[in-house]
Amino acid sequence: MLDFVTDDALDWFDSEVETLNRLVHQLPSFQKKANDTVHNDINWHNVLVEENGGFWMIDWDDLAVHGDAAMDYSVFLWPLYGSEDWPFWEERLIALEGRERFERMELYFRAKLLDDVIDVHADYIEAENMPEVKQRTQQRAKDIHLRAYPEYLRRYGK
């Protein structure tokens, strides 16, 4: 059904998930309990910007008092990660939040990209049973995978 994904690639996806799991358990920055108050869905769609530069954050239904701010940062900053502006933001984040939190953010970025490689396959398969959106959903899922997979390999190797 997934004619654009080989069996070897599927095996590699499993091994890469294990690699990320191992890194989380090995990195010192992940050994402390997360105790930040976090939004848990802080993305660009949940920030409203006024013409004068003021802003409002919306969609607080996932607010948590014991979370990891590095996760919030990584979701919010994902569109900038790897851009030509990223070195500026990286420097600012390290200065504001410290190297330890930034190390966690980097692993969250890696996990987000791997999610783009893998998770879209579920959308592709589920669309089989939805003829009204099947073609569009499957094409979108395939496009995301085909963009993210080589990008992941470029950044993190195989």
Side-chain angles (χ1 to χ4, degrees), residues 1-36 38-47 59 61-64 66-90 93-94 97-158:
M1 178 178 295
L2 295 170
D3 61 345
F4 56 95
V5 180
T6 66
D7 288 342
D8 286 343
L10 291 172
D11 290 341
W12 181 81
F13 299 161
D14 286 338
S15 70
E16 193 62 16
V17 169
E18 286 302 316
T19 297
L20 290 180
N21 187 41
R22 189 175 60 255
L23 286 170
V24 166
H25 287 89
Q26 289 175 349
L27 290 173
S29 62
F30 277 96
Q31 304 315 307
K32 297 176 185 173
K33 183 175 178 160
N35 60 359
D36 300 313
V38 294
H39 184 278
N40 271 329
D41 191 18
I42 190 164
N43 62 63
W44 291 95
H45 302 290
N46 289 332
V47 178
D59 195 10
D61 56 321
D62 291 326
L63 178 69
H66 297 291
D68 188 355
M71 174 64 89
D72 262 3
Y73 281 129
S74 67
V75 171
F76 186 69
L77 295 171
W78 173 246
L80 298 173
Y81 187 65
S83 72
E84 66 181 42
D85 295 332
W86 183 246
F88 167 79
W89 290 108
E90 179 179 356
L93 285 162
I94 292 170
E97 296 295 328
R99 176 121 343 245
E100 183 176 279
R101 184 164 283 158
F102 188 77
E103 181 180 70
R104 291 196 315 275
M105 285 177 54
E106 285 188 307
L107 195 57
Y108 288 135
F109 285 136
R110 182 174 177 172
K112 168 62 175 116
L113 187 55
L114 186 60
D115 186 65
D116 282 354
V117 172
I118 298 172
D119 188 57
V120 293
H121 300 138
D123 298 342
Y124 190 95
I125 292 167
E126 288 173 11
E128 280 294 317
N129 300 317
M130 296 183 268
E132 63 279 359
V133 295
K134 175 183 174 181
Q135 183 177 2
R136 185 174 62 235
T137 301
Q138 287 183 334
Q139 187 62 52
R140 178 183 168 277
K142 184 175 180 177
D143 290 347
I144 290 170
H145 170 80
L146 293 175
R147 174 196 50 78
Y149 191 25
E151 177 68 13
Y152 191 94
L153 293 175
R154 185 184 67 75
R155 287 179 188 259
Y156 306 109
K158 190 168 188 179

Student: For the CZ atom on R155, are there more than 12 heavy atoms of other groups (residues, nucleotides or ligands in this structure) within a distance under 6.0 Å?
Tutor: yes

Student: Kindly indicate whether the side chain of L77, heavy atoms from C-beta on, has any atom under 4.5 Å from the side chain of M105.
Tutor: yes

Student: Can you give me the closest heavy-atom contact between A9 and Y149, atom names plus distance?
Tutor: CB-OH, 3.7 Å

Student: Which word best sums up how the rings of Y81 and W78 line up, parallel for under 30°, tilted for 30 to 60°, or perpendicular for over 60°?
Tutor: parallel

Student: Flag yes if more than 12 heavy atoms outside R99 fall under 6.0 Å of its CZ atom; otherwise flag no.
Tutor: no

Student: I'd like to know if the side chain of Q138 reaches the main chain of V133, judged simply by a donor and an acceptor atom lying under 3.5 Å from each other, with no hydrogens or angles considered.
Tutor: no

Student: With ring pair (Phe, Tyr, Trp, His ring centres under 6.0 Å) as the criterion, how do F30 and Y108 come out once you've worked through the C-alpha distance, each side chain's angles and the decisive distance to 0.1 Å?
Tutor: CA-CA 11 Å; F30 277 96; Y108 288 135; 5.7 Å; yes

Student: Are any of the side-chain heavy atoms of F102 and E97 separated by less than 4.5 Å?
Tutor: no

Student: Answer yes or no: is there a side-chain heavy-atom contact under 4.5 Å between E106 and L27?
Tutor: no

Student: So do I118 and V17 actually touch side chain to side chain, heavy atoms under 4.5 Å?
Tutor: yes

Student: Ignoring hydrogens, what is the shortest heavy-atom contact between A148 and L113? Give both atom names and the distance.
Tutor: CB-CD1, 3.9 Å

Student: State the CZ-CZ distance between R104 and F109, to the nearest 0.5 angstrom.
Tutor: 12.5 Å

Student: With distance as the sole test, does D68 use its side chain to make a donor-acceptor pair with the main-chain N or O of A34 at under 3.5 Å?
Tutor: no

Student: Rounded to the nearest 0.5 Å, how far apart are NZ of K142 and CD1 of I144?
Tutor: 13.5 Å

Student: Evaluate the ring planes of W44 and F76, with Trp represented by its six-membered ring, and classify them as parallel (under 30°), tilted (30 to 60°) or perpendicular (over 60°).
Tutor: parallel

Student: Write down the atom of K112, the atom of D116, and the distance for their closest heavy-atom approach.
Tutor: NZ-OD1, 2.8 Å

Student: Quick one: sort the F13 and H145 rings into parallel, tilted or perpendicular, breaks at 30° and 60°.
Tutor: perpendicular

Student: Looking at every heavy atom in both L2 and I125, which two are closest together, and how far apart are they?
Tutor: CD1-CD1, 4.2 Å

Student: Please assess Y156 against L20 for the test side-chain contact (heavy atoms from CB on, under 4.5 Å), listing each intermediate value before the final yes or no.
Tutor: CA-CA 11 Å; Y156 306 109; L20 290 180; over 6 Å; no

Student: Should we count CG of D14 as having more than 12 external heavy atoms under 6.0 Å?
Tutor: yes

Student: Using the rule side-chain hydrogen bond (donor to acceptor under 3.5 Å, both in side chains), only one of E103, R101, E100 pairs with S29; which is it?
Tutor: E103

Student: Start with the C-alpha distance between Y73 and W89, add both sets of side-chain angles, then the distance that settles ring pair (Phe, Tyr, Trp, His ring centres under 6.0 Å), and finish with yes or no.
Tutor: CA-CA 11 Å; Y73 281 129; W89 290 108; over 10 Å; no

Student: Hey, is the main chain of Y124 close enough, under 3.5 Å, to the side chain of E128 for a donor-acceptor pair?
Tutor: no

Student: Closest approach of I42 and V75, non-hydrogen atoms and distance?
Tutor: O-CG1, 3.6 Å

Student: H121 vs F4 aromatic rings, parallel, tilted or perpendicular, using cut-offs 30° and 60°?
Tutor: tilted

Student: Is atom CD of Q135 surrounded by more than 12 heavy atoms (other residues, nucleotides or ligands) closer than 6.0 Å?
Tutor: no

Student: Drop me the distance from T137's OG1 to E126's CD, to the nearest 0.5 angstrom.
Tutor: 10.0 Å

Student: Should L114 and E16 count as side-chain neighbours, where that means a heavy-atom distance under 4.5 Å?
Tutor: yes

Student: At their closest point, which heavy atom of A141 faces which heavy atom of D123, and how far apart are they?
Tutor: CB-CB, 4.4 Å

Student: Assess whether atom CD of Q26 is packed by more than 12 heavy atoms of other residues, nucleotides or ligands within 6.0 Å.
Tutor: yes

Student: Quick check for you: to the nearest 0.5 Å, what is the distance between R110 atom CZ and S74 atom OG?
Tutor: 14.5 Å

